[in-house]
Every structure is written in structure tokens, then in C-alpha cells.
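So the structure is just underneath, and the comments pick up after that.
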Amino acid sequence: MLEVTSLFAGYGGRPVLEEVTVRIEKGRLVGLLGANNAGKSTFIHTLSGVVPAMSGRIVFEGEDITTLSPQARVERGIIQVPEGRLVFPDMTIRENLLLGGQHKLARPKRSQRIDEVLELLPRLKERLEQKAGTLSGGEQQMLAIGRGLVAGPKLLMLDEPSLGLAPKFVQYIFEIIEKLHREGLTVLLVEQNLNLTLRHASYCYVLERGRVEVEGASSIVRDDPRTKKAYLGL
Amino acid sequence: MSEILQALAQGFLVGSTYGMLALGMGLVYSVSGIVNFAHGDFVLLGMYLCFALASAFALDPYVSIFITLPTMMAVGGAVYYFLIRPIAGHHLLMVIQLTLGVSLLVQNGLLMSFGGQFHRAPSMLESKLWLLGPVVVRVPQVISAAASFSIAIGLFILLRSTDIGRSIRAVHQNARAAALMGIDVGKVRMLTFAAGIGLLAIAAALLVPGTPMHPSMGLRYTAITLIVVVLGGMTNFVGIMLAGLVIGISESLGTIYLSDTLGMILPYAIFVIIMLFRPQGLLKSA
Amino acid sequence: MKPAFFQALRNPLWWLLLAALAMLPLGLPSYYLHIATLTLVYVALGSAWNIVGGVGGQISLAHSLFVGTGAMLASAMLLNSGINMWVGLVVAALVSGLMGFLIAVIDFRFKLGHLSFALITLAFAEMGEIIVIGWDYLGGASGLFLPRDKGDFSAFQFGGGEGAFYVMLFLAALSVLVSFAILNLPLGYYLRTIRDNENAARAIGVNIFRNKALAMVISAVLASIIGTAYARYLTFADPYLLSSPVLTIEIVLMATVGGLGRSMGPALGALLLVPLGEILRGKLGGVLPGLHYFVYGGVVVAVILATPRGLLPLIQERFARLRGNAKPEGSVASSGA
């Protein structure tokens, strides 16, 4: 579904990512691991089109999207749930969900999708008219995922969904992700939390200083000594 | 007693127009963080467009809105696209200096085109008066106030309950997250700037009956607008309308009970005091 | 005082330039002498403003207050109270300095941000203009006509034309010298530190208030003195020219075109824009009033879009590249020199 080939990307002319090649098959839950500053967020932002690619190719469902605008990528179903949630704090939960589905391809199915999201995440349903800024971190993460789902994702990319959450919320969020995956959604999970990701993802990439250091089935990545090395920054 | 009622009515009517002038600036500031020091010169541009249409085709200022509104929106869009967007990432001061340059361009463009004498563009309704008990009001001012409040309410509804309105608020609250929702942030900024200047076309047409125009009046409109926006809390539209009324009423009370000079100073003095002791504006910013 | 300052003073180029300027009146027809004098007025005002606006990074829109005080108050004291204009100059300069100090107090006491500072100073300037126009002692809306300049030095008269040119040359040189000195004094270093990062400046123990207030007072006093001399030169203290915020905006824009925060930046801006504007006004002013301001506006917009730091850094870099050494004056590098 997604093929990234020899991607270089970064800020101000200096590459953060060097020659990154990643493949995501339809229906898989793929993990992208790495320590802080390994380039995980840059990668996900390059896929969203917020950070431009310097060279390399990004192909999504057979179409070269390397130079498409962020809007065009959202319309093709590449949806990011950003790190730190980034919900719109002065808007209600309902308004946040509506915004998730405001692009022109999502609009016709928007209210139906919102109903589905509220069924999946009943906590949001009780608080529909509450300002998003007043929610707890875990609730905001649910809202961010819900907002992403209303957009009608074909590929859902989650950037550090467990960051800063209480353990019971982390578990709950991962159950939701697992459930979405079982229903057939393709998911790219970007995480620092090694064990959690290896447990849920079937295939993983490990980034170190902007390069793919290890890749393979989760069980193989788990046992590869380079994985630990990439994490400890040795 | 009737004198104070008259002053209050007058201040209310003028103040609601100030509020409308300020709505456009607040809207632009909220999504782009731009303070446009050429704001008042665009008001004058709108007024002179009315004058030109009145001289050439004998159009009533109220009718000419149908021509000036799209024209001014196009001008606003072009100014944003060609002048402001290229330096959008720069320091706020750079944008202030740029818009000061634009102010000179517009002001003196008008002076070159229309000359330095005062002009008027009369309306059929210009000299109509209404008597409300002891209070006499001019019909154009009543129209202006009614239009200002209608526009404020319309803007409020637009921002609350439409997709474009929610997109505007999303860009204001977090531009990056908005881009991730598939919102074209650059387009939203350009459209709001165009709309902000477009609002001035309406404001100008409402001001024209009874207000003689001169190219040099722009800076004072800019100053009054800035005052109202800041008092209103920059992005709070209810606060902005309220601040417009406060400034309008204080100006008219000051002119009657103090002197012309002190009356004109009063809004600035109130501004400085509120700015110092309540920098977040009259209402809490929402 | 850093050695760079004395080095520059010993540089014969500056003295040659000054001498050449001093020779100007000998060969110049009076119309061009007028343009030269006017240019010097703006060189002086721009350099004075630059101390606060460029070096300190605070967009003050209040400078018309100081120029207006220097012009209107000193003229009013002469005409309405019979006080010698030299005394008026000193009183006005003191009043301006005090106003500058109060603005600095307000700025510090209420921790104004950049935008608030620009807005509050604009509000003060608007109030100032309204007061001047509404107060008969200061001439009201019709302004004040000064007695003919008979060249009586003790009465602040310089004999018009040439005399006024030399007065303005002195003030322009003084203003440039003061801002150059400030750039090379700890004051200039502190101001730049505050401009670039106020919190960092506070953290290393820079006294924010003292430095900002000092800059503002120096700038205000200079502007006021220039204002008095300018009114004398025009023999007509026009409130709509001398106490209007538009004057400040003109100064700000000239400084921006030349290059903010460098001692010669505002001078360069004035040297380019004033003669250009005046010649346009002279040739086409009757046909197209406002053309010269229109051109100012166009130049400002073009310069900001093309080279946001102004023309001087651009020129210096070109020269430095030509001569193969790269260290333009006034850049960050010179603060450590």
C-alpha cells in the first residue's frame, strides 16, 4: 500500500532522514521504533507532507505522492494522529470531530463516521459539548484518534500515542488500535515504547540517527542486539 | 437629561461602526497574527471607490457595495499573496513596517488620484432624521449600526457553525494540526485577509453618507481600530463590539461634557489605561 | 569605549566626507541646498530614532511627540512668552527627555511586548497631535510663524540657507556620532542583547530598565533639539508636519530601508529617499501631490521584500566580498571586536 524508497528529508537543507526505505502492506500494523531524535516524527511528517522530501520517492496505492500537498494526502486517506494530540482546545469534542472530516471527500460520510467513532469511544459521547482543552490526556488521545477516524483513513499513522498517559489509558488506547487493525485498517505505529509496540505490531522498523538500522518481523527485531543498541544510543 | 441620551445614542451608533472596522482586523490577527497598519487606509480606499462610483454612475453608496465588496476582497487577497505572505515567517515588527509602507502607498495613491480636497458621496438617505422621543438620530448612522451588529452576529454564526468558520478557528488555535486535518492553511489565511479587507468595503459604504473623506484620515482610522481590537482582547468578537461601543460612547460624552480636544483624547487615554492595567482586554479572551 | 570607535574616528574617509559636505553650500543653487538641508534633518532624526528603534529593537511611534515638543514648545515660548529660543530649546529638550523617561517607565513597569509598545506609543503620538492642535498656546491648528531669520546667533538665528545647512550638518553629524558611540559602548551591547533576547539579557544581569530608559532619553532629547532647529529653518512651526505621527512613520521607514541597528543605516535611507522624494515633489508635486510619499511607500515595500535587513548590510557584504574581507560594521561580529 505504501512504499517509501531512499527517502532523504529534514529541515533547513540538513537531512534528518537518510536513505530510509519502508514498505507497509495493506491491512498490516507496522511499528516504527527508535530513541528520541532518531527521526521518527520527521518521517511521519514527511509522509503527511508537512516536511518536504529532499529526495527519494513515496508511493501510495500505486500513485507517486512525493510532492503532493498535505491536503491532497489527507484526501487520499493518509491520516496522522499527531504527537501530543494537538486537539483544538477551545473547541468542543463535536467540533473537533467535525474538523477531522472537513475535507471534501470525507464530508458526505461525516455524520455516519462520527456516530461510529462515538460508538467505539463511548467516553467521548458523554462529553460531546465539552471543550477539548478541559479533557484529560487520555481522553484527548481518544479524541485525536477519533478525529483521525472521521477523516476516513486508509493508512492511520499514530505518533507516540502512549506518550504521557497513565498505564490504564495506554492499555485502553492500544486495545482500540488493535481493534481497528483487526477490522482491516492499515496502521503505522510510531512509538518509543519498545515492548508494547513489538507486542502489537507484526513487522517493525528501528530508526537510529535517521537511518533504518533493523527491520523484520517483531519476534526477530526483539531479539536483534542492534535494537537494544539503537535504543541505548551506544 | 436629553443631552446625555443624545450623546449616548450618538456614541452607540458611532461605536458600533468602530466595532465593525475592528472585526476585520481581529479576524485577520486571529488566523495570521498580522497587525495591519494600513487598515484605515483601506477604509479610505473603500470610501473613495464609493465616491468614484457616485461621480461616474451616480450610484448610491449603499448600492455600490455590490461593486466595492468584490473589488476590495480582490485587493486584499492580492496584498496578502504578493506582499504579506513572502515575509509571513519574519518578526512581527517587519510586518508592521511593511504595512506602514503599504499605508503610504494607498494613502498617496488616493491623494494622487483624487486630490487633496475633501470629497463627499451623497446618499438619498443622507439627510433623513429619526426622532426617538427626545433623541434625534441620523438614518445613515442607524443603518450603519444595524448593519454592524448584523455582520457581527453573522460572523459569529459563521465561525461557530460552518466548516469554513471551524477551519478558521482551527488555524487560529493550532496551524499545524489544522494542516494535518487537510485544511489549506495558506488559503485560509489569504481568504480571511481578503474577507477582512472586504468587510472594510461595507464599513466604508456605511460611513460615506455624511462623512467627508480625505486621504490623510487613514492613520486615525487605523489608530481607532487598533485601540478597539486591543481593548476587545484581539480575537474576541464580542469583546471587540463591546470595545467599539465603549470608545464611541466615551468619545461622544467627552466631546459634549469636556471639550473637543479632551473628547478626542479620551478614547486614547482610556486605551492606554486599560492596556496598562488590563492588557488582556475588556473581556477574557475566548 | 571600544577601540573600533577611535579607529573609525581616525579614519580619514569620514573627515573627508564631512569636509566635502561642508563645502556643498559653496556650489549649490538654493533649491538644491534646501534639499540637502532637508536630507540632513532626516539623517539626524533617523539616527536619533535608530538608537531606540534599531539598536534597541523597539518600534517607537512616539518620536513625533519629541520633535513636536522641540518645534512647537520652543516656538510658542518665543512668540507667546518672549523667551529666547535657546532657552526654549533646552526646556523642550528637558520636557522631551522626561516624556521619553516616562514612556520607558511605563514600558518597564507594565512589561509591554513589541506590539503593545508600538500601539501605546502611537496612542501617545495621536494624543500629542490632538493636544497641539487644540491648544492655542502651542499654535493650535494654524501653527506658529517665527520672526524672520536675521542671523542673530544669540536669538537662535542662523541667517537661513547656508547657516541652516551648517546647523543641520552639525546636528546630523552629532546624531550619527552619538548612535555610533552607543553602538561601541556597553550601552549598545546591552541594548542589542536585550533586543535579541530579553530573558537571556536579564539572566546575565543586564539592567533592562536602565539601558532602555537611557536609550529612550538620549533619543528623545536629540529628536527634540532637531525639532527646534527644524522649526527655525522652516520659519513656520506646522503642527500637521512636526507633531504628526506620520513624521515618525516616515523616519521609521527610511531607517528600515537603510538598515536598522547600524549607525549609518538610517543615514543611507535618508540620503536615498529624501532627495528622491523632494525632486519628485519639485518636478511633479503640482501635478501629482503625494507622488513622493507614494514612491517612499513603494521603495519600502520593495526593500523589505527583497532584503529585509535593509540596504546597508547588503552593500557592506558586496564590498566585503570585493575586498576579500568579511566583517561588515554593526553586524554581530563587531560587538565582539
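A cation-pi contact links B/Arg160 to B/Phe156, judged by a cut-off of 6.0 Å to the six-membered ring centre and 45° from its axis.
In this structure, A/Glu139 contributes its side chain and A/Ser136 its backbone to a donor-acceptor pair below 3.5 Å. No side-chain donor-acceptor contact under 3.5 Å links A/Tyr11 to the backbone of A/Val16.
Note on A/Asp90 versus B/Arg169: no salt bridge recorded, every NZ/NE/NH1/NH2 to OD/OE distance being 4.0 Å or above.
Contact annotation for A/Glu95: both backbone and side-chain heavy atoms come within less than 4.5 Å of a heavy atom of chain B. No part of B/Ser161 comes within reach of chain A, as not one of its non-hydrogen atoms sits under 4.5 angstrom from that chain. B/Asn174 touches chain A through backbone and side chain together, each having a heavy atom under 4.5 Å away. Heavy-atom distances place the side chain of A/Arg110, and not its backbone, under 4.5 Å from chain B. Both the backbone and the side chain of B/Ile183 come within contact range of chain A, with heavy atoms under 4.5 Å apart. Contacts between A/Arg73 and chain B at a heavy-atom distance below 4.5 Å are absent for every atom of the residue. Proximity to chain B is limited to the side chain of A/Arg147, based on heavy atoms less than 4.5 angstrom apart.
Ranked by non-hydrogen atom pairs under 4.5 Å with chain B, the options A/His103, A/Arg107, A/Glu75 are led by A/Arg107. Of the listed residues (A/Pro70, A/Pro89, A/Ser48), the one with the most heavy-atom contacts under 4.5 Å to chain B is A/Pro89. Among A/Lys104, A/Gln71, A/Arg85, A/Gln80, the residue making the largest number of heavy-atom pairs under 4.5 Å with chain B is A/Gln71. Highest contact tally toward chain A, considering only B/Gln173, B/Arg176, B/Arg166, is held by B/Gln173 [criterion: heavy-atom pairs under 4.5 Å].
In this structure, the ring of B/Phe149 has its center less than 6.0 angstrom from the ring center of B/Phe12.
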Requested in this report: Begin with the C-alpha distance, continue with both residues' side-chain angles, and end with the deciding distance and a verdict on salt bridge (charged side-chain N to carboxylate O under 4.0 Å, His left out) for A/Arg57 and A/Asp64.
Outcome: CA-CA 7 Å; A/Arg57 263 161 63 90; A/Asp64 187 336; 3.1 Å; yes

Exercise for review: Could you go through the side chain to side chain donor-acceptor pair (under 3.5 Å) check for A/Asp159 and A/Ser41 one step at a time?
Suggested key: CA-CA 7 Å; A/Asp159 196 353; A/Ser41 287; 3.1 Å; yes

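Taking CG from A/Asn193 and CD from A/Glu160, the interatomic distance works out to 9.0 Å, rounded to the nearest 0.5 Å.
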